[in-house]
Amino acid sequence: MTTPPLLPHDTQETIAAIARLLHHAADRTACQAATEGSRSELHVLGLGMHVAAAEAALLVPADLDPYWPQPTQADPLELLRIAERLARAVPVNDETAGFSQVVVSLTDLLREAGS
Amino acid sequence: MSTSTTVDQRSIGELLLDADYQARKLLLDVDGADAAAMLRTWGEVVQAAGDLWSSLPSTPYVSPLDGATMQRLETMSQAQHRAQLARDWPGDGPPDERLLGMAENLQRAAELAAGPGRRVTPRSPAAYDDLDAARMRVMHTLYVGAHAVGVAVHQHVNEVRATVSRHASDRETRDIPRGQDAATRLAAFEQLAGGFVGNRFSHVMAGEHYTPPTGTGRLHQALVSWDIQAHRTLAVTPSAPNLHLAAGTQAMIATASTAILDAAATAGRVNGEDYQHRLAPALAANQQSWAKAANRWGTLSSRGERADPALVHAANEVRAAVHEIAFDHTRWATPDVMAGRIDLAEAAATVQQAMIAGAELACVHRDIAEREPDLTGSARTIAAWSREAGIDDEIALISPGDVYANRAVKLPDLIRQALVADAEQLIDVSEATMAVAGALADVSRRESAPAPGRPQCRSEERDPVRIPAPGRPPTASR
């Protein structure tokens with residue numbers, strides 16, 4: 001059995017979901033960083049997630065919301081992992097040109113957050 | 001007179017790294033529709049790689065077979081080109097721009113390698129290792145590139161098979177044998193290049209010469225570019241996502257400044273007492289204020305708004321520059337490691353300039369919050385904040401439909417006033433940070449340097465601000 005191909009609208013919604021996950025992962029990381037103090041490395045990681053969320057949001061059509069609703073998960077690492085799993089379902093075609101950058105950012109962030 | 005030049009300024013190593021990266025990226029974004037253009041352009045990549053290979057100084061090979069591999073690959077590529085001409089496929093047409101970019105990188109590297117003064121004989125083991133790494137990089141580029149072209153051709157053949165009917169004419173199905181022939185040749189090419197790469201890639205690449213980041217050039221340039229881009233973007237599109245990213249990046253700059261100054265203080269390049277009792281508290285307050293602003297604007301971002309791509313790029317570069325000099329894997333580098341990478345006094349001066357720029361950007365934030373007529377925010381967030389302040393949605397002029405769809409709505413006065421008050425506090429804290437940075441200038445620059453210039457808000461609306469006394473935490477003055 002093979003995974004059914006995603007329709008264009010599904011793809012856009014998937015990228016919007018990835019943007020939302022990254023947006024809220026950045027928010028949660030910023031909260032954790034604030035708890036740890038102004039010198040926490042998490043501030044730098046949080047900005048990385050924020051930038052990746054902005055990169056993903058740029059690929060989302062204006063009628064889809066890349067910020068809301070908020071995902072139910074709270075752990076930034078878990079949010080990143082979900083985003084990475086979703087990214088695997090995004091096809092490579094003309095409509096998703098530029099998504100490679102998001103995939104690369106996600107992989108880098110996962111390595112950074114997981115170590 | 002303009003000092004700009006159109007000549008590619010990258011080194012051979014940077015060009016090879018870029019070509020290899022392009023090949024890997026190609027593999028991610030390839031499909032059957034690219035097959036014809038890729039086959040048209042692939043020969044140029046191989047030819048440019050061959051030119052570069054022959055321009056590199058010779059080294060005593062471990063195996064004589066390795067030296068002949070590139071010649072065989074060039075021969076195979078020429079044979080494939082002749083076969084393509086004979087079969088009239090893929091024929092004339094546009095080239096694949098990505099492969100063309102790879103070929104240009106390799107050709108430029110060949111020109112540099114063969115240029116005047118380059119015909120030197122390497123003598124040290126490190127130079128031999130670096131040359132081996134360059135050859136490995138070229139071969140790896142061809143290996144991955146050939147695979148990418150092969151994937152495109154296979155997909156093209158499969159697509160043709162799927163679209164033609166059982167009784168299709170030879171003319172309709174001729175792309176199948178032509179594609180299969182090209183795929184077979186590419187598979188042979190890939191195997192030969194793969195044989196050279198084998199499992200030695202990481203071992204050989206370990207010998208590649210790497211110039212560690214020295215000097216604060218990248219950090220300085222990244223911070224300057226960030227400052228310019230933030231002003232440009234906020235002047236043209238003062239939207240919540242842009243303000244969110246601007247504030248978030250400023251908060252990260254404050255965090256990184258603390259880490260760099262801490263290292264400078266430990267290394268004795270900045271007065272330890274000044275750092276501990278004046279700079280560190282001021283930067284901590286600065287970081288918290290920017291983070292609070294980022295949080296505010298982040299929750300105000302609404303569905304149709306996006307951050308400016310140029311601002312995203314500039315923020316990314318600041319983060320990368322900080323990572324390069326101040327991080328050791330995923331932790332702050334120790335002062336010793338940081339001191340080995342950069343002149344910490346110079347870095348302290350760069351940080352000081354960032355503090356001055358940050359104070360000015362805080363003024364821009366306040367101006368936008370106070371005066372930008374078209375400022376909008378997420379209907380849900382505004383409704384929630386209004387309810388917290390005891391104002392219902394009707395008075396706040398937010399319709400249930402806007403809240404349901406989370407549309408962008410105009411900021412009510414109450415929210416605007418709260419944002420202005422936050423921005424005023426941000427200005428106070430930023431100016432306090434800038435004021436204590438004066439001490440930094442005395443230490444890091446031994447010669448008598450002029451006091452840092454105070455940033456000016458737009459003159460007509462700026463009230464006098466009380467600067468906290470040195471050693472005291474900055475407080476809001478209004």
Side-chain angles (χ1 to χ4, degrees), chain A residues 16 19-20 23-24 26-27 29-31 33-34 36-70 87 90-94 96-105 108-109 111-115, chain B residues 24-25 28-31 33 240-242 244-245 248-249 251-256 258-259 262 280-281 283-288 291-292 294-295 298-309 311-313 315-320 322-323 326-327 329-332 378 380-381 405-407:
Chain A
R20 284 195 285 273
H23 183 76
H24 289 281
D27 272 359
T29 306
C31 289
E36 287 191 11
S38 61
R39 290 197 53 195
S40 169
E41 294 96 344
L42 289 178
H43 291 293
V44 183
L45 177 64
L47 182 67
M49 294 179 188
H50 187 166
V51 167
E55 284 170 349
L58 285 167
L59 303 173
V60 177
D63 59 329
L64 292 179
D65 196 334
Y67 310 111
W68 294 95
Q70 188 170 345
V90 175
V92 178
N93 56 36
D94 289 348
T96 57
F99 191 69
S100 313
Q101 183 57 48
V102 178
V103 173
V104 170
S105 300
D108 286 346
L109 288 168
R111 191 173 59 234
E112 201 175 326
S115 57
Chain B
R24 293 171 197 226
K25 218 166 80 167
L28 293 174
D29 290 315
V30 72
D31 63 28
N242 285 333
H244 179 203
L245 185 55
T249 306
M252 196 283 286
I253 290 171
T255 299
T258 311
D262 183 56
L283 276 169
N286 189 265
Q287 194 278 333
Q288 286 160 12
K292 183 182 172 189
N295 185 33
T299 49
L300 278 171
S301 298
S302 54
R303 74 164 52 213
E305 296 179 318
R306 306 286 183 268
D308 177 9
L311 192 70
V312 174
H313 177 75
N316 213 3
E317 177 58 19
V318 171
R319 183 176 178 272
V322 166
H323 236 281
F327 266 73
H329 298 290
T330 56
R331 296 277 166 200
W332 292 117
S378 149
R380 278 182 203 168
T381 302
N406 197 25
R407 293 194 189 100

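Worth knowing before you read on, the calculation uses all heavy atoms, side chains too, and leaves out hydrogens, waters and symmetry mates. Protein chains get the first letters and strands the later ones, always in sequence-line order, with residue 1 at the start of each.
With a threshold of 4.5 angstrom between heavy atoms, B:V30 approaches chain A through N, CA, C or O but not through any side-chain atom. Neither the backbone nor the side chain of B:A291 has a heavy atom closer than 4.5 Å to any heavy atom of chain A. Heavy-atom distances place the side chain of B:D262, and not its backbone, under 4.5 Å from chain A. Proximity to chain A involves both the backbone and the side chain of B:A307, based on heavy atoms less than 4.5 angstrom apart. Proximity to chain A (any heavy atom under 4.5 Å) is restricted, for B:H323, to the side chain, taken from C-beta onward.
Between the OG1 atom of B:T299 and the NE2 atom of A:H23 there is a distance of 8.0 Å, given to the nearest 0.5 Å. The structure places OG1 of B:T258 at 9.0 Å from NE2 of A:H43, a figure rounded to the nearest 0.5 Å. Considering OG1 of B:T330 and CG of A:L45, their distance stands at 9.0 Å, rounded to 0.5 Å. Note that the CD atom of A:E41 and the NE2 atom of B:H329 stand 13.5 Å from one another [nearest 0.5 Å]. Atom OG of A:S40 is separated from atom CD of B:Q287 by 9.0 Å, given to the nearest 0.5 angstrom.
Counting heavy-atom pairs closer than 4.5 Å to chain A, the top-ranked of the candidates B:H313, B:H244, B:K25 is B:H244. Here B:V312 is the residue among B:V318, B:V312, B:D308 with the most heavy-atom pairs under 4.5 Å with chain A. Between chain A and the options B:G298, B:P309, B:G304, the largest number of non-hydrogen pairs under 4.5 Å is found for B:P309. No other option in A:T96, A:V60, A:D27, A:V104 has as many heavy-atom pairs under 4.5 Å with chain B as A:V60. The residue among A:A34, A:A53, A:P66 with the most heavy atom pairs within less than 4.5 Å of chain B is A:P66. Taking chain B as the reference chain and counting heavy-atom pairs below 4.5 Å, the highest number among A:A54, A:A57, A:A52 is found for A:A57.
Side-chain atoms of B:T255 come within 3.5 Å of backbone atoms of A:S38 as a donor-acceptor pair (strictly under, hydrogens ignored). No donor-acceptor pair closer than 3.5 Å links the side chain of B:R306 to the backbone N or O of A:L58. Remark: side-chain polar atoms of B:R303 are not paired, donor with acceptor, to backbone N or O of A:Y67 under 3.5 angstrom.
Counting all heavy atoms, side chain and backbone alike, B:M252 lies closest to A:L47 at CE-CD2, 3.6 Å. In terms of heavy-atom proximity, A:R39 sits nearest to B:A259 at NH2-CA, 4.2 Å. Taking all atoms of both residues into account, the shortest heavy-atom contact from B:S301 to A:W68 is O-NE1, 4.3 Å.
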